[in-house]
There are 2 protein chains.
Amino acid sequence: MTLQDVLAELGATAKGTTHAATGLWVAEQLRHRIADGDLAPGTKLAEESLCEALGVSRNTLREAFTMLHAEHVVERIPNRGVFVARPSADDIRQIYRLRRFVEPAALLWSDDDGGLAALEAIVARAQVAAATLDITAMAGANQEFHRALVARAGSQYLNSTMELVLAQMRLVFHSMAVNPDFHAPYVAGNAQIVGLLREGNKAGAAELMTHYLGRAEAQLLAAMERSATHRR
Amino acid sequence: MTLQDVLAELGATAKGTTHAATGLWVAEQLRHRIADGDLAPGTKLAEESLCEALGVSRNTLREAFTMLHAEHVVERIPNRGVFVARPSADDIRQIYRLRRFVEPAALLWSDDDGGLAALEAIVARAQVAAATLDITAMAGANQEFHRALVARAGSQYLNSTMELVLAQMRLVFHSMAVNPDFHAPYVAGNAQIVGLLREGNKAGAAELMTHYLGRAEAQLLAAMERSATHRR
DNA sequence: CCCAAGGTTATTGTTGAACAATTGGGCCCT
DNA sequence: AGGGCCCAATTGTTCAACAATAACCTTGGG
């Protein structure tokens with residue numbers, strides 16, 4: 001989908017809507033477009049065209065930009081404009097440094113039945129998606145799994161940080177050609193982790209999670225390396 | 001210090017300075033003023049007066065507001081304006097839920113000598129401040145201790161989350177009359193924790209940290225309860 | 001033919017002013 | 001005294017302008 005198409009669609013959606021807090025609304029629209037991959041990483045978000053497409057003023061658009069910038073969803077280069085963020089190898093390392101810290105801890109230190117059934121339901125959804133080869137649904141369910149896992153810790157701060165990280169992960173998936181069945185092994189892995197949790201073996205679950213996270217990071221870094229050299 | 005005084009000072013500071021990214025500069029100024037307690041929690045930040053004092057336009061000021069809002073440093077009430085945030089009891093509970101999760105984990109899972117000397121230096125500073133009854137320096141050193149402790153985990157995401165939390169904590173201290181030597185017991189506590197760490201007893205250190213954090217939360221909630229009833 | 005230097009153009013950064021929308025308080029009436 | 005209405009003040013949003021910066025294009029030289 002080209003930038004022009006996105007602009008056209010946004011314009012169509014915008015018509016007739018009343019926005020209580022316009023800046024928030026604009027930020028939300030862009031966030032969704034970016035999350036869905038309609039606006040690919042690296043795309044320049046020119047102010048003038050977006051203003052017109054969204055039917056808002058440049059000032060309001062810029063307010064939305066500062067929000068998205070705070071969320072690391074876009075990158076801002078002075079006097080050059082804002083671009084959809086393109087995570088670097090170092091960003092990936094930062095992401096997984098956090099995840100290897102937070103997710104095992106969430107497994108170890110949560111109440112014994114803090115939403116375990118919910119986790120199992122998500123795993124089941126992922127398995128269905130895997131069986132029907134629905135890559136998108138599989139990726140979505142995997143994200144949902146990790147989000148729910150962290151939510152068990154019961155901390156809003158942690159939840160919003162995790163939300164940032166998952167948004168970055170989507171950008172990672174969009175910004176390079178990852179093997180389509182990258183997600184598949186982790187569906188099984190998540191099932192295994194939930195199984196250990198059900199048995200009450202938290203330490204085992206945490207250890208397995210650490211292992212899988214390390215593996216995923218290595219895979220992504222390798223894939224990034226490949227696409228970097230390939231692009232030269 | 002009244003709002004008028006702060007405005008006057010800001011005006012004096014602003015003269016002759018060139019600001020590369022004006023919005024960022026304004027946000028920084030306000031952030032510092034709020035952190036230092038010059039702008040007390042609940043203070044209304046009227047747009048017009050601030051514009052004039054800072055020598056920036058309303059639009060730029062509003063850009064700074066959205067940044068500070070994202071950091072939970074100010075509260076925004078539609079059509080009413082922005083106010084310096086006044087943490088609620090629930091905010092305090094959220095803060096400590098995060099800290100009881102993150103800080104013990106940081107103690108347990110950091111490299112054996114990840115900045116241990118730095119932690120000891122901070123504790124020493126806090127002890128000097130306690131001996132000379134310098135409350136402000138004591139509070140500052142305590143904050144520094146927890147910041148450095150989390151930094152040992154090596155995650156930028158965790159660092160910036162912790163930065164948000166510590167900013168909130170400053171607001172808590174400013175928004176209610178906490179016993180002046182509230183901080184004193186924790187200077188000793190932090191020394192104890194570092195001592196255990198030096199012996200290699202991470203589990204003991206983590207346990208003690210959990211204990212102290214629970215104690216601090218209870219104290220703050222009680223103090224908040226007191227000032228709430230007192231104010232009626 | 002390639003490269004470098006300089007000017008041109010397009011885009012962003014910032015400001016100021018204008019108008020609509022909403023809130024809170026004062027005023028009047030009962 | 002209490003309730004409802006109007007007005008003033010402030011915020012939300014837009015528009016238009018100008019300065020500053022960076023990318024592009026042209027031109028001249030090797």
Side-chain angles (χ1 to χ4, degrees), chain A residues 2-4 6-7 10-11 13-30 34 39 42-70 73-86, chain B residues 2-4 6-7 10-11 13-30 34 39 42-70 73-86:
Chain A
T2 96
L3 177 59
Q4 293 309 321
V6 176
L7 292 181
L10 281 175
T13 321
K15 276 203 182 85
T17 61
T18 176
H19 5 294
T22 318
L24 280 170
W25 179 80
V26 172
E28 199 177 328
Q29 296 298 314
L30 291 176
I34 292 170
L39 295 167
T43 305
K44 170 165 183 176
L45 301 176
E47 297 191 350
E48 201 173 353
S49 17
L50 273 178
C51 286
E52 195 169 355
L54 290 160
V56 300
S57 81
R58 256 180 84 208
N59 271 316
T60 307
L61 178 65
R62 288 178 124 260
E63 197 169 320
F65 279 167
T66 74
M67 294 184 211
L68 296 175
H69 181 62
V73 170
V74 303
E75 195 179 348
R76 212 165 195 173
I77 306 179
N79 293 312
R80 288 266 326 252
V82 320
F83 302 80
V84 179
R86 174 157 39 195
Chain B
T2 96
L3 177 60
Q4 294 310 320
V6 176
L7 292 182
L10 281 176
T13 321
K15 277 202 182 85
T17 62
T18 176
H19 7 292
T22 319
L24 280 171
W25 179 80
V26 172
E28 198 176 329
Q29 296 298 314
L30 292 176
I34 292 170
L39 295 167
T43 305
K44 171 167 182 176
L45 301 176
E47 297 191 350
E48 202 173 354
S49 16
L50 272 179
C51 287
E52 195 170 355
L54 290 159
V56 300
S57 82
R58 250 180 88 210
N59 271 315
T60 307
L61 178 64
R62 287 179 123 259
E63 197 170 320
F65 279 166
T66 73
M67 293 184 210
L68 296 175
H69 181 62
V73 170
V74 302
E75 195 178 348
R76 213 165 195 173
I77 305 179
N79 293 311
R80 289 266 326 251
V82 321
F83 302 80
V84 179
R86 174 155 40 192

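Computed from heavy atoms alone, side chains included, the values below leave out hydrogens, waters and symmetry copies. Just so we're clear, the structure is a prediction, and the values are computed from it rather than from any experiment.
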inquiry  = If I take atom CG in residue A/L61 and atom P in nucleotide D/dG12, what distance separates them, rounded to the nearest angstrom?
reply    = 18 Å
note = Of C/dT12, D/dT11, C/dT15, the nucleotide closest to the side chain of B/V56 is C/dT15
ask   = Looking at side-chain heavy atoms only, is the closest gap between B/V82 and B/R62 below 4.5 Å?
value = no
message = Considering only residues two or more places apart or on different chains, which pairs with a residue in residues 73-84 of chain B satisfy side-chain hydrogen bond (donor to acceptor under 3.5 Å, both in side chains)?
response = none
message = Rounding to an integer number of Å, can you tell me how far A/E47 CD sits from D/dT14 P?
response = 14 Å
query = Would a 4.5 Å heavy-atom cut-off, applied to side chains only, mark B/V74 and B/L30 as touching?
reply = no
inquiry  = Any side-chain N or O of B/T60 below 4.0 angstrom from OP1/OP2 of C/dT15?
reply    = yes
ask   = Nearest-Å distance, CD1 (A/I77) to P (C/dT12)?
value = 12 Å
query = Expressed in angstrom and rounded to an integer, what is the separation of B/L50 atom CG from C/dT15 atom P?
reply = 14 Å
key: Atom pair distance, as rounded to whole Å: CD in A/E52 and P in D/dT14   = 14 Å
ask   = What is the distance from CD of B/E63 to P of D/dT13, rounded to the nearest Å?
value = 15 Å
For atom CZ of B/R76 and atom C1' of D/dT10, their distance in whole Å = 13 Å
key: D/dT13 phosphate, OP1 or OP2, under 4.0 Å from A/S57 side-chain N/O   = no
message = Taking the side chain as everything from C-beta on, heavy atoms only, tell me whether B/V73 gets closer than 4.5 Å to B/V84.
response = no
query = What pairs with A/R58 under side chain to side chain donor-acceptor pair (under 3.5 Å), at least two apart in sequence or on another chain?
reply = A/E47
request  = Map B/E48 and A/N59 onto DNA chain D by nearest heavy atom, then report which one ends up closer to the 5' terminus.
outcome  = B/E48
message = Side chains of B/L50 and B/F65, heavy atoms from C-beta outward: is any pair under 4.5 Å?
response = yes
inquiry  = If we count only N and O atoms by modelled type, under 3.5 Å, do the side chains of A/T66 and B/T66 hold a donor and an acceptor together?
reply    = yes
request  = Scan nucleotides 17-23 of chain D nucleotide by nucleotide, 5' to 3', and note B when protein non-hydrogen atoms come under 4.0 Å of the base, S if they reach only the sugar-phosphate, - if neither.
outcome  = B---SSS
